[in-house]
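One structure is given below, encoded as structure tokens.
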Amino acid sequence: MAEDKLPTRAEDFSEWYNQLVVKSDLADYAPVRGCMVVKPYGWALWENITSWLDGEFKKTGHVNAAFPTLIPLSFFEKEKEHVEGFSPQLAVVTIGGGELLEEKLVVRPTSETIIGYMYSKWVQSWRDLPILIVQWGSVMRWEIRTKLFLRTAEFYWHEGHTAHADADEALEEMYRILDIYEKFCLEEAAIPVFKGPKSESERFPGAQITTSIEAMMWDKRALQSGTSHYFGTNFAKAFDIKFLNKKNELQFAETTSWAISSRIIGAMIMVHGDDHGLVLPPRLAPIQAVVVPIFKNDDEKTKVMEVADRVFAELKAAGIRIKMDDRDNVSSGFKFNDWEMRGVPVRVEIGPKDVEKGSVALARRDKPGREGKTFVSQTGLSSTVSLLLSEIQDSLLKRATEYRDANIHEPKDYEDLKRIVADGWAFAYWCESLECEAKVKEEAKATTRNIPMNQPDQEGVCIVCGRPSKRKVYFARAY
RNA sequence: CGGGGCGUAGCGCAGUCCGGCUAGCGCGCUUGCUUUGGGAGCAAGAGGUCGCAGGUUCGAAUCCUGUCGCCCCGACCA
């Protein structure tokens with residue numbers, strides 16, 4: 001329950017986040033260190049996210065399937081970079097049914113290996129391709145420093161795994177998914193993102209190309225919010241995914257994988273949230289509007305509830321996800337704060353004065369306090385609220401985009417870059433060498449985020465070493 | 001691996017040094033009455049093997065021994 005005030009974001013952003021996740025009723029700490037319990041309110045939000053993504057994947061020809069949680073440890077040793085990348089983070093099962101296992105089993109940290117193994121059995125001919133499978137589930141990585149939604153030992157996601165007959169088709173798939181992710185962030189989550197390839201050192205273990213979408217949080221740190229990888233034939237060779245092509249030649253398949261996780265909820269919290277609590281984008285909010293009836297006695301209650309019930313039914317019939325807050329053990333003031341903490345986009349307040357005037361008070365969550373409160377007619381309320389919801393959706397994206405853009409700067413020189421990334425993002429030419437990237441990481445604690453796509457033809461010099469460069473990259477401190 | 005801290009009600013804590021009456025406090029919870037347009041008040045209640053095991057003692061949350069778990073700092077690793 002939202003009994004206490006949050007620390008402000010400016011006071012302690014990290015503590016603000018930790019308390020908000022619990023107080024907004026999204027999640028709770030589990031008895032196992034680093035694990036979280038996603039509560040019904042948080043899961044409802046996740047379901048809205050997953051059902052939109054699931055719809056897009058199906059529209060583009062993908063199908064869902066389920067692979068096992070347990071993977072033979074030996075599978076991880078088949079791809080060199082993959083095992084190096086993941087072995088420190090593996091949870092390993094060594095005992096089953098009271099007996100020591102002959103082959104240790106890993107609780108999946110990601111499923112390329114077991115899916116690759118299965119694909120090798122399923123793919124014989126060019127006619128078997130492409131395979132476009134998505135798995136929805138959870139994975140486990142033994143993280144040292146955890147934070148609810150952002151980095152937990154177990155987290156929820158979808159992982160797409162596709163196999164194709166040639167590189168062009170696999171690359172096209174990687175970018176197709178990246179576009180879906182971008183569309184999701186912009187249109188659903190109201191989070192502006194940059195999409196593009198990651199640097200070599202920031203690639204997924206085993207990938208030839210890793211692309212990402214990158215978002216700026218309120219504290220100006222970057223959060224990788226989704227990834228789409230092209231493996232070339234790396235995993236096909238490790239797992240022997242081969243087929244006979246149209247020319248009757250044996251050939252390795254080209255594979256991809258991609259994911260958005262429950263971490264995206266952390267992104268929404270840190271992009272839109274304010275000092276009063278969560279601010280959810282209307283398109284994903286489990287509750288889009290809440291009705292709060294206000295009365296002093298039974299006589300008023302009867303009159304107010306009559307209107308409140310009618311309003312509730314009307315909004316519900318209009319397809320708005322609506323909740324009636326008829327709790328009688330807490331005050332109206334408590335309810336206002338409570339729903340603000342939970343990020344509900346619109347609050348409909350109905351009191352005795354409204355019953356008289358035929359009005360209701362509408363409070364929009366993105367503008368807290370008096371500024372966001374208006375009195376409107378009960379007549380045509382469902383369309384008023386629908387309009388307001390879409391206005392809030394647009395305004396959240398606009399606000400987040402302006403904030404982000406105001407905090408990205410183009411450094412004049414290397415010293416300038418160091419200054420900028422201390423409190424913002426730097427956008428600069430980079431020669432794409434590992435040395436220059438490592439230098440920035442060491443000296444400025446900032447990593448390259450990605451090289452945004454669709455850059456114009458241009459010539460410049462690397463911000464670090466001064467060598468000629470054609471593409472700019474974002475540098476930022478990241479989560 | 002080294003150093004430090006903490007385990008007492010759902011949550012946050014006091015009490016432990018210096019053993020002693022029925023183990024307290026705040027929040028939350030239950031019930032009732034009054035309240036409700038920006039985080040209500042009063043009253044009466046419920047809730048505890050004091051992390052676990054053993055020991056000392058007439059008597060242990062408190063002293064001793066062992067043990068488990070968690071947190072912080074450093075080192076190591078990336």
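Below, chain A is the first sequence line, B the second, and so on; all start at residue 1.
- Note on A:F375: a base of the nucleic acid sits closer than 4.0 angstrom, heavy atoms only.
- With hydrogens and angles left out, the side chain of A:D338 and the base of B:G39 share no donor-acceptor pair within 3.5 Å.
- Pair assignment for B:C76: none, as no Watson-Crick or G-U wobble contacts are both less than 3.5 Å.
- Among the protein residues, A:K353 comes within range of the nucleic acid bases, having at least one heavy atom under 4.0 Å from a base atom.
- In a base pair of the Watson-Crick type (N1 to N3 plus N6-O4 or O6-N4) or a G-U wobble (N1-O2 and O6-N3), with each distance short of 3.5 Å, B:A40 is matched with B:U34.
- Contact annotation: A:S331 reaches the phosphate of B:A40 (side-chain N/O to OP1 or OP2, under 4.0 Å).
- Contacts between residues 285-300 of chain A and RNA chain B, counted as heavy-atom distances below 4.0 Å, involve A:I294, A:F295, A:K296.
- Counting only heavy atoms from C-beta on, A:E340 has its side chain closest to B:G38 among B:G38, B:G39, B:G37.
- Side-chain to base pairing of A:R347 with B:G38: one donor and one acceptor N or O lie within less than 3.5 Å of each other.
- As the counterpart of B:A46, no nucleotide is assigned, since no Watson-Crick or G-U wobble pattern has both distances under 3.5 Å.
- Between B:G24 and B:U67, the distance separating the two C1' atoms is 29 Å to the nearest Å.
- Seen from the ring of A:F149, A:K39 does not count as a face-on cation partner, given the 6.0 Å and 45° thresholds.
- For A:W157 and A:F155, the distance between ring centers is under 6.0 angstrom.
- B:G54 and B:G15 have their C1' atoms separated by 25 Å, given to the nearest Å.
- The pair A:R399-A:D366 does not count as a salt bridge, with every side-chain nitrogen at least 4.0 angstrom from each carboxylate oxygen.
- Between A:D328 atom CG and B:U35 atom P there is a gap of 14 Å when expressed in whole angstrom units.
- Remark: aromatic rings of A:F235 and A:H82 are close, center separation under 6.0 Å.
- Taking atom P in both B:U31 and B:A23, one finds a spacing of 27 Å when rounded to whole Å.
- The CG atom of A:N329 sits 17 Å away from the P atom of B:C42 (whole-angstrom rounding).
- A donor N or O paired with an acceptor N or O is found under 3.5 Å between the base of B:G38 and the side-chain atoms of A:K373.
- Using Watson-Crick or G-U wobble geometry with both donor-acceptor distances under 3.5 Å, B:U57 finds no partner in any strand shown.
- Residue A:S332 has its side chain nearest to B:U36 when only B:G39, B:G38, B:U36 are considered.
- Remark: the separation of the C1' atoms in B:A53 and B:C11 is 28 Å, to the nearest Å.
- Of the N and O atoms on the side chains of A:T162 and A:T256, at least one donor lies less than 3.5 Å from an acceptor on the other residue.
- Remark: the separation of the C1' atoms in B:G20 and B:C71 is 34 Å, to the nearest Å.
- Under the 4.0 Å criterion applied to side-chain N and carboxylate O atoms, A:R327 and A:D338 are assigned as salt-bridge partners.
- Comparing B:G12 with B:G59, their C1' atoms sit 31 Å apart, to the nearest whole Å.
- Atoms CD (A:E84) and P (B:C77) sit 16 Å apart, rounded to a whole Å.
- When rounded to the nearest whole Å, the span between NZ of A:K303 and C1' of B:G37 equals 17 Å.
- B:A61 and B:G2 have their P atoms separated by 33 Å, given to the nearest Å.
- B:A9 is unpaired under the Watson-Crick or G-U wobble criterion, no partner having all donor-acceptor distances under 3.5 Å.
- With both ends at atom P, the span from B:U62 to B:C6 equals 15 Å, rounded to whole Å.
- Figure legend: cation-pi geometry between A:K439 and A:Y414, with NZ or CZ positioned under 6.0 Å from the six-membered ring centre and within 45° of its axis.
- Per the geometry, CG belonging to A:D326 stands 14 Å off C1' belonging to B:U36, to the nearest Å.
- Atom NZ in A:K39 sits about 12 Å away from atom C1' in B:G10, given to the nearest Å.
- The CD atom of A:E371 sits 16 Å away from the C1' atom of B:G38 (whole-angstrom rounding).
- The base-pairing partner of B:U67, taking Watson-Crick or G-U wobble contacts with both distances under 3.5 Å, is B:G51.
- We find the CG-NZ distance between A:D423 and A:K220 to be 3.5 Å, quoted to the nearest 0.5 Å.
- A salt bridge links A:D274 with A:R365: the closest approach of a Lys/Arg side-chain nitrogen to an acidic carboxylate oxygen falls below 4.0 angstrom.
- Here B:U36 presents its C1' atom at 14 Å from CG of A:D354, a figure rounded to the nearest Å.
- Pairing of B:U16, defined by two Watson-Crick or G-U wobble distances under 3.5 Å, is not identified with any nucleotide.
- Using a cutoff of 4.0 Å between basic side-chain nitrogens and carboxylate oxygens, A:K80 and A:E84 are scored as salt-bridged.
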